[in-house]
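Below you'll find the structure, written out as structure tokens, and then a few comments.
Whatever order the structure lists them in is the order used to number ligands and atoms, beginning at 1.
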Amino acid sequence: MSSSQYQLHGNVAVITLNNPPVNGLGHELRSGIVAGIDQAAADANVKAVVLIGSARAFSGGADIREFNTPKALAEPNLNTVIRIVEASPKPVIAAIGGVCMGGGLELALGCHFRVAAPGAQIALPEVKLGILPGAGGTQRLPRVIGVERALNMIVSGAAVSSEQFKGTALFDEMVEGDLLQGALAFAQKVIAENRPAQRVRDLKIDYPNAEAFFQFARNTVGAVAKNFPAPLKCVDAVAAAVARPFEEGLRLEREFFTYLVQTPESKALRHAFFGERAAAKIPDVPEDTPTRKIEKVGVIGAGTMGGGITMNFLNAGLPVALLEMKQEALDRGVATIRKNYENSLKKGKLTREQLDSRMALLKPTLSYDDLKDADLIIEAVFEEMGVKESVFKKLDEIAKPGAILASNTSTLDVNKIAAFTQRPQDVVGMHFFSPANVMKLLEVVRGAKTAKDVLATVMQVAKKIKKTAVVSGVCDGFIGNRMIEHYGRMAGFLVEEGATPWQVDRALEKWGMAMGPFRMGDLAGNDIGWAIRKRRYVEKPEVKYSRIADVLCEMGRFGQKTGAGWYLYEAGSRDAIPDPKVEELIASYRKEKGITPRKISDSEIVERCIYALVNEGARILEEGIAQRASDIDMVYLAGYGFPLHRGGPMLYADTVGLYNVARAVKRFAAESGDRFWEPAPLLAKLAAEGKTFN
Ligand code: T1G
């Protein structure tokens with residue numbers, strides 16, 4: 001089926017863009033538009049042309065599926081299409097409905113007139129992909145909505161609803177009702193009045209004192225875009241629209257685009273964009289798998305996790321029965337939820353009526369009876385198999401047939417949990433990350449017997465509660481925690497060997513991690529890692545750990561919650577203050593172990609910690625625990641504060657080159673004698689073949 005249609009409506013030719021899902025301007029569609037313009041030009045009866053898309057999208061921009069393929073730049077490329085539209089001897093009217101973004105908006109700006117339905121989403125989101133509008137958007141948009149509004153849109157990439165541009169030169173008319181009819185009626189007016197075709201490029205920009213404004217803009221944008229080159233290039237491109245003739249501005253924009261599209265940062269952002277969408281796909285679960293209706297949710301446990309999990313569903317408008325065993329625990333949980341909403345209200349992120357309607361959806365209860373009609377029940381009880389067993393046996397008794405029974409466990413075996421019930425096909429892991437109402441990551445843990453429609457339903461629910469869902473197989477720690485375990489182990493050894501905790505944190509935070517491992521431990525609570533290590537010492541004695549962290553915990557230094565951990569914390573403050581006592585503790589530990597401290601470079605810190613993630617990630621990939629390398633990257637970008645501009649541990653390894661990563665891993669193996677550092681077979685294989693994870 002062709003990706004565009006040409007139809008005559010009297011003396012108006014209508015070219016309909018038809019490249020689902022969002023009319024990405026792929027090569028075939030671009031060629032179809034040019035063919036339509038040429039056909040209209042050759043037809044003496046045609047007096048005007050209308051370009052229209054679908055209800056969902058005029059166009060979502062360049063077809064991102066063609067990125068990094070020859071088709072993306074094959075003629076007619078988008079700039080050529082826009083030049084042909086602009087030069088059309090018949091006036092071309094863009095009829096904008098649904099999404100009009102990126103190259104889609106640039107195409108509309110190349111038309112002579114534009115009409116829009118209210119509510120259409122208008123954006124130039126290229127900056128979110130680490131590039132900038134590359135088909136005239138930075139030169140034309142300022143000419144129709146003014147320099148400042150255009151610059152804000154281009155640097156933020158944010159979508160604005162079409163009615164906000166009423167009365168600007170962006171839209172000649174707003175069309176209520178049927179968009180095509182409205183556009184055809186407008187076309188008749190243009191024909192009847194013989195309106196001259198207005199080329200946006202001919203509109204003058206009059207912006208006094210531009211230099212000062214752009215200097216201010218550069219300072220402001222530069223301050224927040226430190227790891228990304230695109231936003232500043234956006235400023236330069238818009239500045240060129242003001243200061244230079246149109247064609248020269250266009251040439252500069254093209255130059256910036258060509259530079260940005262090959263930067264590692266843009267590759268990382270595009271990787272994240274595709275990775276988020278790819279993660280939603282499960283190879284053996286067809287996209288049209290029927291899903292179960294989820295209208296009522298039950299949450300068991302009103303602690304930090306249970307309360308945060310509950311808020312996700314209240315925010316999405318779903319009623320939640322929140323179950324606790326004791327009244328005071330339940331009251332505390334409800335009070336925390338209310339306090340969180342009150343804080344959002346104070347920050348203006350929530351209105352009073354939104355707060356009230358969300359709280360009205362919450363049904364605190366002490367009785368399992370109130371979970372009987374829930375479609376989805378998520379337990380967030382104590383992380384101990386015995387407790388999980390009693391909860392799931394009870395759920396097996398009371399939950400209605402077909403209810404999805406989910407565990408928020410972060411490390412326990414979901415298959416064992418499922419076996420506590422007669423309905424293992426309805427059991428799944430939904431591993432939220434603390435704070436559960438804030439962190440975007442959700443690990444969906446697929447049990448051996450989890451039904452396909454349960455998976456499809458949970459992935460759909462994840463999108464509804466705005467989570468980035470990644471499917472994990474069953475193993476200790478699933479994807480994220482299994483990898484972070486070794487990252488943390490390496491951090492511990494680095495301190496044993498000569499680094500300070502603050503040097504390790506600083507090196508990793510300078511590299512881009514949101515928070516170093518020691519500050520992270522103090523935040524989450526060092527006692528949590530301590531409990532896991534104690535289990536590991538018994539279950540996996542071959543896995544080596546530095547024992548410094550145990551000494552710290554034996555002193556009761558659990559972190560922020562005890563006022564001291566690796567760092568010191570003054571009352572009421574979260575500021576991590578390096579503590580000389582900890583340095584003394586480390587020094588005496590080294591002395592006792594006969595370790596002579598050595599100077600450790602920041603680059604060694606980064607390599608040993610980040611390559612630990614990569615090596616374990618490669619094992620997770622080859623075991624099939626993760627479906628694809630980009631899923632592992634999404635886990636780290638959405639749940640562990642991994643720097644977005646590096647695209648995730650697996651993409652970062654690809655960027656460094658697997659040959660180089662494998663060499664470093666082999667060196668660590670030789671230096672440490674730690675079996676962990678034997679290169680994962682997949683890493684060694686890909687490195688030898690000159691291939692990449694992604
Ligand atoms: N091209 C092709 N497919 C696209 C697409 C695009 N531009 N945008 C989205 N899709 C697919 C997406 O992969 C998914 O596919 C489906 O549409 C639904 O997406 C020269 C070079 C448009 C607001 O950055 O922001 O123009 O997984 O789940 O929530 O200056 O997609 O179903 O198979 O996100 O309704 C600039 C990116 C490109 C827009 C729709 N444009 N897309 O949101 O659905 S660069 C963008 C979005 C450019 C020029 C430059 C959103 C959306 P599948 P979805 P949604």
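Taking the ring axis of Phe273 as reference, the NZ or CZ atom of Arg277 stays within 45° of it and closer than 6.0 Å to the ring centre.
Residue-to-ligand polar distances keep Leu78 apart from ligand 1: every N/O pair is separated by 3.5 Å or more. Inclusion of Ile131 in the set of residues having an N or O under 3.5 Å from an N or O of ligand 1 is not warranted. Considering backbone and side-chain N/O atoms, Ile64 comes within less than 3.5 Å of an N/O atom of ligand 1.
Interface of Pro125 with ligand 1, defined as ligand atoms under 4.0 Å from a residue heavy atom, comprises 24 (O), 41 (N), 46 (C). Atoms of ligand 1 found under 4.0 Å from any heavy atom of Pro133 (numbered from 1 in listed order, with element): 30 (O). Below 4.0 Å from some heavy atom of Gly102 lie the following atoms of ligand 1, by number and element: 26 (O). Set against the non-hydrogen atoms of Lys463, the atoms of ligand 1 under 4.0 Å away are 28 (O). Every atom of ligand 1 is numbered from 1 in the order shown, and the set under 4.0 Å from a heavy atom of Lys281 is 27 (O), 33 (O), 53 (P).
What sits closest to atom 45 (S) of ligand 1 on the protein, heavy atoms only, is Phe67 CZ, 3.8 Å. Protein heavy atom in closest approach to atom 39 (C) of ligand 1: Gly60 O, 3.4 Å. Of the protein's non-hydrogen atoms, the one nearest atom 2 (C) of ligand 1 is Asp63 OD1, 3.2 Å. The single protein non-hydrogen atom nearest to atom 25 (O) of ligand 1 is Met101 SD, 4.1 Å, given as residue, atom name and distance. Looking from atom 22 (C) of ligand 1 to the surrounding protein, the closest heavy atom is Val99 CG1, 4.0 Å.
By the 4.0 Å N-to-carboxylate-O rule, Asp375 lies too far from Arg292 to be salt-bridged with it. Arg446 has a carboxylate O that lies under 4.0 Å from a charged side-chain N of Asp284, or vice versa, which qualifies the two as a salt bridge. A salt bridge does not link Asp202 with Arg143: none of the charged nitrogens is closer than 4.0 Å to a carboxylate oxygen. A salt bridge links Glu255 with Arg251: at least one charged nitrogen is closer than 4.0 Å to a carboxylate oxygen. One finds no salt bridge joining Lys71 and Glu28 here, because no Lys/Arg side-chain nitrogen approaches an Asp/Glu carboxylate oxygen to under 4.0 Å.
Closer than 4.0 Å to atom 42 (N) of ligand 1 lies at least one heavy atom of the protein. In this structure, atom 20 (C) of ligand 1 has protein heavy atoms in its sub-4.0 angstrom surroundings. Within 4.0 Å of atom 33 (O) of ligand 1, at least one protein heavy atom is present.
Residue contacts with ligand 1, taken as heavy atom pairs separated by less than 4.0 Å, involve Arg56 solely via side-chain atoms from C-beta onward. By the criterion of a heavy-atom distance under 4.0 Å, neither the backbone nor the side chain of Glu276 is placed next to ligand 1. Under 4.0 angstrom from ligand 1, there are no non-hydrogen atoms of Lys128. With a heavy-atom cut-off of 4.0 Å, Val22 touches ligand 1 through its side chain alone. By the criterion of a heavy-atom distance under 4.0 Å, the side chain of Leu129, and not its backbone, is placed next to ligand 1.
Remark: Asn315 CG to Lys466 NZ distance equals 9.0 Å, nearest 0.5 Å.
Between the choices Gly98, Pro21, Ala62, the shortest heavy-atom distance to atom 16 (C) of ligand 1 belongs to Pro21. Selection from Arg270, Arg277, Glu106, Gln121 by nearest heavy atom to atom 12 (C) of ligand 1 gives Arg277.
For the side-chain contact (heavy atoms from CB on, under 4.5 Å) test with Met430, the passing option among Asn408, Ile404, Leu442 is Leu442; the others fail.
Within the 4.5 Å cutoff, side-chain heavy atoms of Leu250 are placed close to those of Phe246. Side-chain contact check for Asp236 versus Arg218: some heavy-atom pair is nearer than 4.5 Å.
Residue Phe273 places a heavy atom less than 4.0 Å from ligand 1.
Heavy atoms from other residues, nucleotides or ligands lying under 6.0 Å from NZ of Lys226 number 12 at most.
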| task | Report the C-alpha distance between Phe274 and Ser630 in whole Å, list the side-chain angles of each, state the deciding distance to 0.1 Å, and finish with yes or no for side-chain contact (heavy atoms from CB on, under 4.5 Å). | result | CA-CA 8 Å; Phe274 285 109; Ser630 61; over 6 Å; no
| message | Walk me through whether Arg270 and Ser266 qualify under side-chain hydrogen bond (donor to acceptor under 3.5 Å, both in side chains). | response | CA-CA 6 Å; Arg270 299 202 305 269; Ser266 178; 2.6 Å; yes
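No side-chain donor from either of Arg30 and Asn77 sits under 3.5 Å from a side-chain acceptor of the other.
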